[in-house]
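Here is the structure we will look at.
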Amino acid sequence: MNQKPTEEEYAGDAGEYIRLVPDGNIIDILLAQKKQMTELLASLTESQAAFRYAEGKWTLKEVVGHIVDSERVMTYRLLRFARGDQTPLSGFDQELFTSPFESWTTAQMAEDYLAVRQSTITLLSGLPEEAWSRNGTANNTNITVRALAYGIVGHELHHMGVIRNRYLS
């Protein structure tokens, strides 16, 4: 849980996110992110959460919803590969996964985020050592369980940077 994936463990855009992850225990990093996100969501007004920094861009709520739903998808892939399932998995259209969040409150966003993040932490904490190096194909790309876990963290880091720079500045 402390070893970053090597470049042989992933391809394509995954490296963009994995490179953002600091050194350290991945579970500790996930826990720190959980604290940071819940504090952010608790601090927002509904008006701030509905803010969109430009025409055609997601609202802050939609960005958080995207983070959560992407984690769901990545964790599903991670579970399949960790258990040894070699069935190739398809990609997903991220635009389809933002539609319900406009009507959600920040409290609903926080509840959803916490449920998904805790599930991710529980899954990763229970993986046997050998599962971390197992791999599979998702969206026509070969990737390991370790790379998926680091990708989840890096994806949130990327979007938290966008939130800080575009939504809260």
Side-chain angles (χ1 to χ4, degrees), residues 1-44 58 60 62-92 94 97-98 109-168:
M1 288 189 275
N2 293 321
Q3 181 183 349
K4 271 191 168 180
T6 64
E7 290 185 9
E8 292 77 36
E9 294 183 58
Y10 58 87
D13 295 339
E16 172 188 340
Y17 299 128
I18 291 168
R19 284 187 284 279
L20 294 175
V21 180
D23 291 335
N25 181 290
I26 196 73
I27 302 297
D28 292 341
I29 298 168
L30 285 161
L31 288 165
Q33 282 183 319
K34 182 170 94 169
K35 181 179 186 296
Q36 180 183 23
M37 181 64 83
T38 54
E39 288 173 356
L40 168 69
L41 291 170
S43 75
L44 294 175
W58 290 339
L60 196 152
E62 289 172 325
V63 173
V64 173
H66 165 73
I67 291 168
V68 175
D69 275 354
S70 294
E71 184 165 331
R72 279 187 172 98
V73 170
M74 296 301 157
T75 304
Y76 171 73
R77 292 172 176 174
L78 186 152
L79 171 65
R80 298 272 304 261
F81 302 156
R83 300 296 192 249
D85 187 344
Q86 290 296 296
T87 306
L89 303 176
S90 64
F92 72 104
Q94 67 182 12
F97 285 70
T98 61
M109 299 296 302
E111 180 181 15
D112 193 45
Y113 175 86
L114 286 169
V116 171
R117 179 49 58 98
Q118 188 56 51
S119 177
T120 299
I121 291 167
T122 302
L123 174 63
L124 294 178
S125 295
L127 288 181
E129 185 64 34
E130 64 273 10
W132 288 87
S133 59
R134 290 185 184 138
N135 64 344
T137 302
N139 199 25
N140 299 314
T141 303
N142 194 29
I143 191 163
T144 65
V145 168
R146 181 180 12 262
L148 282 165
Y150 276 77
I152 289 167
V153 170
H155 181 255
E156 183 167 326
L157 287 169
H158 164 78
H159 283 293
M160 285 300 282
V162 172
I163 288 170
R164 278 191 300 279
N165 295 326
R166 301 283 180 141
Y167 292 87
L168 301 177

How long is the gap from [atom1] on [X] to [atom2] on [Y], to the nearest 0.5 Å?
{"X": "Tyr150", "Y": "Ile143", "atom1": "OH", "atom2": "CD1", "result": "13.5 Å"}
{"X": "Ile67", "Y": "Ile163", "atom1": "CD1", "atom2": "CD1", "result": "4.5 Å"}
{"X": "Arg77", "Y": "Asn139", "atom1": "CZ", "atom2": "CG", "result": "6.0 Å"}
{"X": "Met109", "Y": "Met37", "atom1": "CE", "atom2": "CE", "result": "8.0 Å"}
{"X": "Ile18", "Y": "Leu157", "atom1": "CD1", "atom2": "CG", "result": "12.0 Å"}

Original post:
Does any pair with a residue in residues 12-34 pass ring pair (Phe, Tyr, Trp, His ring centres under 6.0 Å), and if so which ones, sequence neighbours excluded?
Top reply: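 For residues 12-34: Tyr17-His155, Tyr17-His158.
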Once side-chain contact (heavy atoms from CB on, under 4.5 Å) is applied, do any residues pair with [X], and if so which ones, sequence neighbours excluded?
{"X": "Leu123", "value": "Thr75, Leu78, Leu79, Arg83, Leu127"}
{"X": "Thr137", "value": "Pro88, Asn142"}
{"X": "Arg134", "value": "Glu130, Ala131, Val145"}
{"X": "Ser133", "value": "Arg146"}

Subject >> Sequence-distant partners of Asp85, salt bridge (Lys or Arg N to Asp or Glu O under 4.0 Å), two or more places apart >> reply: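 Expected list: Arg80.
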Under the side-chain hydrogen bond (donor to acceptor under 3.5 Å, both in side chains) rule, collect the residues that match up with [X], sequence neighbours excluded.
{"X": "Glu16", "result": "none"}
{"X": "Glu8", "result": "Thr6"}
{"X": "Arg72", "result": "Asp69, Asp112"}
{"X": "Gln33", "result": "Arg117"}

**OP:** Tell me, with the steps shown, if Leu168 and Leu40 meet side chain to side chain contact (heavy atoms under 4.5 Å, CB included).
**Re:** CA-CA 10 Å; Leu168 301 177; Leu40 168 69; 3.5 Å; yes
Original post:
Quick one: ring-ring contact (aromatic ring centres under 6.0 Å, His included) partners of Phe92, sequence neighbours excluded?
Top reply: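 Expected list: Phe97.
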Original post:
Does Tyr113 have any ring-ring contact (aromatic ring centres under 6.0 Å, His included) partners at least two apart in sequence or in another chain, and if so, which?
Top reply: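 ring-ring contact (aromatic ring centres under 6.0 Å, His included) list for Tyr113, sorted by chain: empty.
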Original post:
Could you walk me through whether Val162 and Tyr167 pass the side chain to side chain contact (heavy atoms under 4.5 Å, CB included) check?
Top reply: CA-CA 7 Å; Val162 172; Tyr167 292 87; 4.0 Å; yes
**OP:** Check step by step if side chain to side chain contact (heavy atoms under 4.5 Å, CB included) holds for Val153 and Leu20.
**Re:** CA-CA 8 Å; Val153 170; Leu20 294 175; over 6 Å; no
